[in-house]
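Side chains are part of it too, since the values below use all heavy atoms of this structure and drop only hydrogens, waters and symmetry mates.
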Amino acid sequence: MTVSLLTSLFLALTWTPTLSQYLVRRKDTSPTGSTSKGPDMAALLAAEEAHLSGFFGRIVNFYSRAMQAVCGGRGY
């Protein structure tokens, strides 16, 4: 049972983000992608990252370093 749980955890941490990149694509309606009147994505990302602190922030940082090591820093 322990092996099953650890295997499930490993697959959830590796396959889920990878498959979501391939299966969930943002639909871009404008030809250039930067002329939309929606919110600035860089500003939204910066605001979201500012709230990552404490225990959850450490988990996110660990996960991003682990995925960069697994993917070889290819920027997936």
Give the cluster check for Leu9 versus Met67: same hydrophobic cluster or not, with ILVMFWY residues linked at side-chain heavy-atom distances below 4.5 Å.
yes
Exercise. Are the side chain of Thr14 and the backbone N or O of Phe10 linked by a donor-acceptor pair below 3.5 Å?
Worked result: yes
Please check: side-chain N/O of Tyr63 versus main-chain N/O of Leu13, any donor-acceptor pairing under 3.5 Å? yes
